[in-house]
Visitor: 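I'd like to ask you about the structure that follows.
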Amino acid sequence: GAYQDAAMFLGRAIQIEGPNPAYCVRLAESLSCLGENARALLCLEEAIRHADGRDLRFTLANFYYLENRHEEAKREYR
């Protein structure tokens, strides 16, 4: 489907250009829609290692929350 195609396209773009935060967020969203939240978190954690930012941390916090990782979510919301 569309999310699978998006994940494949974005994954390829990240392989070519590196962990662009915008691509990583979109990939994480696509993976989440496919039920792959653990992979989505890995992508966001990698993005933060390369480009830290408030919006990126907020997105990461939301994904932690969805995975019931509340302590990590609280840390990122600060």
Side-chain angles (χ1 to χ4, degrees):
Y3 293 118
Q4 184 67 39
D5 291 344
M8 187 175 60
F9 175 78
L10 288 162
R12 183 71 180 131
I14 291 167
Q15 286 177 343
I16 293 169
E17 293 188 25
N20 176 314
Y23 292 167
C24 290
V25 168
R26 297 297 170 255
L27 176 56
E29 290 169 347
S30 295
L31 291 170
S32 179
C33 289
L34 294 167
E36 298 185 36
N37 287 336
R39 285 183 60 204
L41 277 169
L42 289 174
C43 188
L44 291 171
E45 290 166 345
E46 179 69 16
I48 282 183
R49 281 193 281 280
H50 294 277
D52 197 351
R54 185 179 193 122
D55 291 339
L56 193 53
R57 288 203 173 269
F58 188 78
T59 301
L60 178 60
N62 288 337
F63 274 89
Y64 279 142
Y65 184 80
L66 291 172
E67 287 293 297
N68 294 315
R69 293 168 63 176
H70 298 136
E71 289 303 314
E72 291 160 299
K74 280 195 271 187
R75 183 188 68 228
E76 298 302 331
Y77 281 131
R78 293 183 191 157

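Along the sequence shown, residues are numbered consecutively beginning with 1. Scope of the values below: all heavy atoms of this structure, side chains included, with no hydrogens, waters or symmetry mates. Treat the numbers as computed from the prediction; the structure is a model and nothing was measured.
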Visitor: So, using side-chain contact (heavy atoms from CB on, under 4.5 Å) as the criterion, who are the partners of Arg49 when residues are at least two apart?
Guide: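 Residues passing side-chain contact (heavy atoms from CB on, under 4.5 Å) with Arg49: Glu45, Glu46.
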Visitor: Show every donor-acceptor pair shorter than 3.5 Å between a side-chain atom in residues 13-22 and any protein atom, with sequence neighbours excluded, or say none if there are none.
Guide:
{"unit_1": "Gln15", "atom_1": "OE1", "unit_2": "Arg12", "atom_2": "NH1", "d": "3.3"}
{"unit_1": "Asn20", "atom_1": "OD1", "unit_2": "Ala22", "atom_2": "N", "d": "2.8"}
{"unit_1": "Asn20", "atom_1": "OD1", "unit_2": "Tyr23", "atom_2": "N", "d": "3.4"}

Visitor: Roughly how far, to the nearest 0.5 Å, is the CZ atom of Arg75 from the CG atom of Leu60?
Guide: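 Nearest 0.5 Å value for the CG-CZ distance: 7.5 Å.
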Visitor: Just grab all the side-chain hydrogen bond (donor to acceptor under 3.5 Å, both in side chains) pairs involving residues 31-41, residues at least two apart or on different chains.
Guide: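 Only Ser32-Asn37, Glu36-Arg39, Asn37-Glu67 qualify under side-chain hydrogen bond (donor to acceptor under 3.5 Å, both in side chains).
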Visitor: Quick one: salt bridge (charged side-chain N to carboxylate O under 4.0 Å, His left out) pairs with a partner in residues 19-35, sequence neighbours left out?
Guide: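 Every pair satisfying salt bridge (charged side-chain N to carboxylate O under 4.0 Å, His left out) with a residue in residues 19-35: Arg26-Glu29.
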Visitor: So which atom in Ala40 and which in Ala28 form the shortest heavy-atom distance, rounded to 0.1 Å?
Guide: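 Closest approach of Ala40 to Ala28: CB-O, 3.4 Å.
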Visitor: For residues 1-8, which side-chain N or O atoms pair as donor and acceptor with protein atoms under 3.5 Å away, sequence neighbours left out?
Guide:
none

Visitor: Pairs in or reaching into residues 45-68: which pass ring-ring contact (aromatic ring centres under 6.0 Å, His included), with residues at least two apart or in two chains?
Guide: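 ring-ring contact (aromatic ring centres under 6.0 Å, His included) check on residues 45-68 returns Phe58-Tyr77, Tyr65-His70.
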Visitor: Is there a path of hydrophobic side-chain contacts, each under 4.5 Å between heavy atoms, that joins Leu10 and Leu31?
Guide: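 Linked, Leu10 and Leu31 end up in one cluster.
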